[in-house]
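Please read the structure below before turning to the comments.
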Amino acid sequence: MSLSPLPLEALVPLSRAADLVQLLERWVDRGWLRALDKAFVGFLHELDPLADPLVLLAAALTSHQLGHGHVCLDLFETLKAPDFALSLPPEGDLQTGAMLLPSQLLDGLDGAHWCHALASSQLVALAADGSDAAQSRPLVLSGKRLYLRRYWTYERRIDTALRLRLATQENVAADLPQRLNSLFDQPPPDGVIDWQKLACALATRGAFSIVTGGPGTGKTTTVVRLLALLQAPAVEVGSPLRIRLAAPTGKAAARLTESISQQVLSLKVPGSVREKIPTQVTTVHRLLGSRPGTRHFRHHIGNPLPLDVLVVDEASMIDLEMMANLLDALAPHARLVLLGDKDQLASVEAGAVLGDLCRDAEAGWYSPDTRQWLQAVSGEDLSASGLHEDLDASHPLAQQVVMLRYSRRFGEGSGIGQLARWVNQQNAEEARKLLAARSHHDLFCLSLKGEHDHALERLVLDGRGEDAQGYRYYLSLLQSARPAFNTPREDLAWTHWAQQLLQAFDAFQLLCAVRKGPWGVEGLNLRITAALRKVRLIESDDQWYEGRPVLMTRNDYGLGLMNGDIGIALKLPESDGGPQVLRVAFPRNDGQGGVRFVLPSRLNDVETVYAMTVHKSQGSEFTHTALILPEALNPVLTKELIYTGITRAKRWFSLIEPRGGVFEEAVRRKVKRLSGLMLELDVPAEKTD
C-alpha cells in the first residue's frame with residue numbers, strides 16, 4: 001500500500017483533530033496501531049468534538065500501550081524516547097517510507113504542556129478528584145501517568161485491598177517456634193538461610209503474603225508446610241480452616257494438584273491435620289465462577305468466596321483485572337498467599353502484578369522488627385545475609401514477601417540452572433560462553449544455516465539422543481502401545497493408552513517467541529506437520545488426523561476445557577463395535593484424574609501445537625524443551641521471555657538460532673511494564689496523588 005506523506009507542519013504542533021485521525025488511520029493500516037485504539041479516539045472525539053488533539057493522541061497511545069501489557073502511558077518516559085517507549089514502528093517494519101514516526105510527531109513537545117492539556121480536558125479526570133463529574137470521565141491522569149478509567153479503577157481496587165491486608169496482624173500460635181522446627185527438621189547446610197522456613201513464619205502473621213522463587217526452589221514444599229502450620233492449631237480446637245488452591249490455567253492447576261498430593265503425603269503431621277489440607281487445585285476462573293460472555297463473576301465483593309485461606313500458584317500469569325476481581329471476592333478475614341516466579345514473563349493481558357509487588361524481593365528490605373521477630377520464631381539470623389535493611393520500616397509490603405534462593409532442581413552443576421541465572425542477570429556474554437562450551441549434557445545450541453536447514457527437522461523429530469526425545473517418540477508409541485483393535489471401547493486400556501500418549505507428548509516441546517513468519521508458531525506448525533507426513537509418522541492431508549496435538553486457545557466451560565489445555569487426536573472404536581473414529585483425548589483437570597474424549601467437531605477454539613509460544617507454555621514443564629528464536633529482534637524478545645523458555649525444561653534445553661546475535665540482544669532487554677501499583681504502595685496512604 002502506497003502512502004503519501006502528511007505535511008509535518010500540519011501535525012507538529014498538533015493543531016487539528018482531523019490531521020491526527022488521518023495519521024492514526026495510516027498507522028492502523030500499517031499495523032502500528034490496533035483498530036480498537038483508533039475507534040477509542042473516535043469515541044472520545046464524539047464525546048468532545050473540540051477536544052485538543054494532544055489529548056486524543058495521548059488517548060490513542062494509552063490504548064496502544066494496553067495492547068503491549070502496560071496499564072498506563074507514562075508521558076515523560078514516552079517523550080524521552082517515543083519510538084522505543086511505544087515499540088513503534090514494530091521491529092521488522094523497515095519500510096517506514098512516508099510514515100510519520102512518534103519521535104517526529106512528538107519532537108519538541110514539553111511534558112508539562114502535555115500534562116496541562118490533559119488536566120484541562122473534560123475527557124480527563126485528575127486522580128485526586130472524587131467529584132461525580134470526574135467519575136464519568138473516560139481517562140484519568142495521575143501525576144505523569146495517563147490511564148483508561150477501567151484500569152485506573154482496577155489498580156486502585158488492588159491498592160486499597162492490599163493496604164487493608166498489610167495492616168492486618170493475624171494471631172500467631174504461642175508455640176510457633178516448636179511447630180516450625182517440627183516441620184523443618186532437616187536444616188540446610190551451615191551458612192545457608194532456610195528461606196522456606198522464613199516464608200512460612202512470615203505468612204502466619206499476615207493476611208497477605210508472597211512466596212517467589214525460580215524453578216526447583218521449593219515453592220510448593222513451602223506452601224504445603226505453611227498450610228499444615230495454619231491448619232494444625234485450627235484442627236486442634238475443632239474449627240478447621242476452609243482452604244482453597246487455585247492457578248491461572250488448567251495445565252498449571254493439574255501440575256500443582258499432582259505436586260501437592262505428593263507433598264502432603266510426606267508431611268509429618270497427625271492424620272487429622274493431613275486430611276484437612278486440600279490437594280485439588282482449580283482454575284481462578286472456575287473458583288470465582290466465571291459468567292461466560294461477560295467480565296463478571298459469581299463471587300465478588302457482595303458474595304465473597306466461602307474460604308479462610310486461598311493459595312494462588314503461578315501468580316505471574318495473573319493480570320491486573322483478574323487480580324482486582326480476586327481481591328474483591330475475598331472476605332476480609334481470609335488470608336491470601338501468592339506463589340510464583342517474579343522473573344517469568346508477565347501476564348498476556350495488561351499488568352505485571354506479581355513483578356510489581358516483588359520489585360524489592362531480592363534485596364529484602366526487612367525492618368529491624370521483622371528481622372528480630374524472624375530470628376525469635378525461626379532461629380534464622382538475617383544479619384549476615386547481605387540483604388538491605390529497611391531502618392524506617394516504611395514499606396509494609398516488603399515485610400510479607402520472601403524470595404526462595406536455593407534451587408534443588410537446577411543445582412550448581414546444572415547447565416540449565418546456570419544459563420537461567422546468567423540470562424536473569426542479563427549477562428549475555430557469560431550465557432553465550434556457557435552455550436558455546438558444550439560442557440553440560442543438558443544444554444545444546446543449534447545454529448541453522450538458512451531457512452531451509454533440515455537440522456531443525458532432525459532435532460524436532462528425533463531430539464538429541466539419550467532421553468532428550470523429539471516428536472517421533474510419542475508418535476511411535478501411539479502405534480506400538482495401541483490396544484488390540486477388538487478391545488471394547490469401554491475397556492480401561494484405551495484410557496491408559498491415551499494417558500500414556502499425553503505424558504509422552506510432554507517429553508518434548510518446541511517453543512517460539514513469535515506467531516508469524518517462518519520462525520513463528522504458524523509457519524513452524526506447518527513445517528513440522530509436513531516433515532512428519534514425509535516420514536509417515538502421520539498419514540493424512542486432512543485437518544484432523546490421528547496423532548494431531550492441539551492446544552485450546554479459549555476457555556470452553558461447556559466441555560470443561562481451559563485455555564492452554566493440550567489434547568491429542570486418537571482413533572477409538574465405537575461402543576457398538578463399528579469402525580474406529582477420531583476423538584481428542586484431554587487430561588482431566590478437575591481433580592478426578594483420567595482422560596476426557598471429545599469429538600473434533602465440538603472443538604472450535606484449537607490450533608495444532610507442535611510449536612507453541614513461550615507465553616502459552618507458562619505453567620507447563622517439558623522433559624526436553626527447544627526454544628527457537630526469530631532471525632530479527634522483535635518487541636517480545638526480552639530476557640524474561642528467554643528465561644521463561646529455558647525454565648520450562650526439566651532435563652534438557654536446546655536453543656535454536658536462525659541468526660547469531662539475536663539471543664544476546666534479547667537477553668540485554670528487560671520488560672518494563674508501566675503501572676503505578678508499586679509506586680502507590682511505596683507512599684503512605686495520606687500522600688498518594
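The analysis underlying the following values was restricted to heavy atoms, covering all of them including side chains, and did not include hydrogens, waters or symmetry mates.
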Listed once per pair and sorted, the side-chain hydrogen bond (donor to acceptor under 3.5 Å, both in side chains) pairs that draw on residues 173-184, sequence neighbours left out: Asp175-Arg179, Arg179-Glu236, Asn181-Lys197

All pairs passing side-chain hydrogen bond (donor to acceptor under 3.5 Å, both in side chains) where residues 264-274 contributes a residue, at least two apart: Asp185-Lys268

Arg405 atom CZ, neighbour heavy-atom count above 12 within 6.0 Å: yes

Enclosure of Ile301 CD1 (heavy-atom neighbours >12, cutoff 6.0 Å): no

When rounded to the nearest 0.5 angstrom, what is the spacing between [atom1] in [X] and [atom2] in [Y]?
X      : Y      : atom1 : atom2 : answer
Asn325 : His299 : CG    : NE2   : 13.0 Å
Leu305 : Leu288 : CG    : CG    : 5.5 Å
Leu183 : Leu226 : CG    : CG    : 9.5 Å
Asp341 : Asn424 : CG    : CG    : 7.5 Å
Ile260 : Leu256 : CD1   : CG    : 4.0 Å
Leu327 : Asp159 : CG    : CG    : 10.5 Å

Quick one: does [X]'s side chain have a donor or acceptor within less than 3.5 Å of a partner on [Y]'s backbone?
X      : Y      : answer
Thr623 : Arg651 : no
Glu314 : Pro248 : no
Ser617 : Val614 : yes
Gln400 : Leu202 : yes
Gln618 : Thr644 : no
Thr283 : Ala247 : no
Glu380 : Leu374 : no
Ser316 : Leu354 : no
Arg149 : Gln135 : yes
Ser142 : Arg145 : no

Less than 4.5 Å apart, side chain to side chain, heavy atoms only: is that true for [X] and [Y]?
X      : Y      : value
Thr222 : Cys200 : yes
Val311 : Arg244 : no
His70  : Tyr151 : no
Val71  : Tyr154 : no
Thr160 : Arg163 : no
Leu227 : Leu245 : yes
Ile318 : Val353 : no
Leu338 : Met323 : yes

Considering residues at least two apart in sequence or located in another chain, which fulfil the salt bridge (Lys or Arg N to Asp or Glu O under 4.0 Å) criterion with [X]?
X      : result
Glu258 : none
Asp506 : Lys251
Arg242 : Asp308
Arg157 : Asp328

With [X] via ring-ring contact (aromatic ring centres under 6.0 Å, His included) - residues at least two apart:
X      : value
His300 : none
Phe586 : none
Phe622 : none
Trp497 : Trp494

With sequence neighbours excluded, residues passing side-chain hydrogen bond (donor to acceptor under 3.5 Å, both in side chains) with Asp319: none

Kindly give the heavy-atom pair with the smallest separation between [X] and [Y], and that separation in Å.
X      : Y      : result
Val401 : Cys358 : CG1-SG, 4.3 Å
Leu307 : Leu310 : CD1-CB, 4.0 Å
Lys616 : Met552 : NZ-O, 4.4 Å
Leu397 : Leu357 : CD2-O, 3.4 Å
Leu502 : Ala585 : CD2-O, 3.6 Å
Ile193 : Asp381 : CD1-O, 4.2 Å

Chi angles and distances behind the side-chain contact (heavy atoms from CB on, under 4.5 Å) call for Val402, Leu404: CA-CA 6 Å; Val402 174; Leu404 306 181; 4.3 Å; yes

Pair Leu198-Tyr366, side-chain contact (heavy atoms from CB on, under 4.5 Å): steps then yes or no: CA-CA 12 Å; Leu198 294 181; Tyr366 297 120; over 6 Å; no

Test log, rule side-chain contact (heavy atoms from CB on, under 4.5 Å), inputs Glu170 and Thr204: CA-CA 7 Å; Glu170 300 287 350; Thr204 61; over 6 Å; no

When you check the side-chain N and O atoms of [X] and [Y], is any donor under 3.5 Å from an acceptor?
X      : Y      : value
Thr220 : Gln263 : no
Ser414 : Arg421 : no
Gln344 : Arg648 : yes

Salt bridge (Lys or Arg N to Asp or Glu O under 4.0 Å) partners of residues 215-235, not counting sequence neighbours, each pair once: none

Derivation and outcome, side-chain contact (heavy atoms from CB on, under 4.5 Å), residues Leu241 and Arg335: CA-CA 11 Å; Leu241 299 171; Arg335 296 176 191 254; 5.7 Å; no

Aromatic ring pairing Tyr147/Trp152, orientation class (parallel under 30°, perpendicular over 60°, tilted between): perpendicular

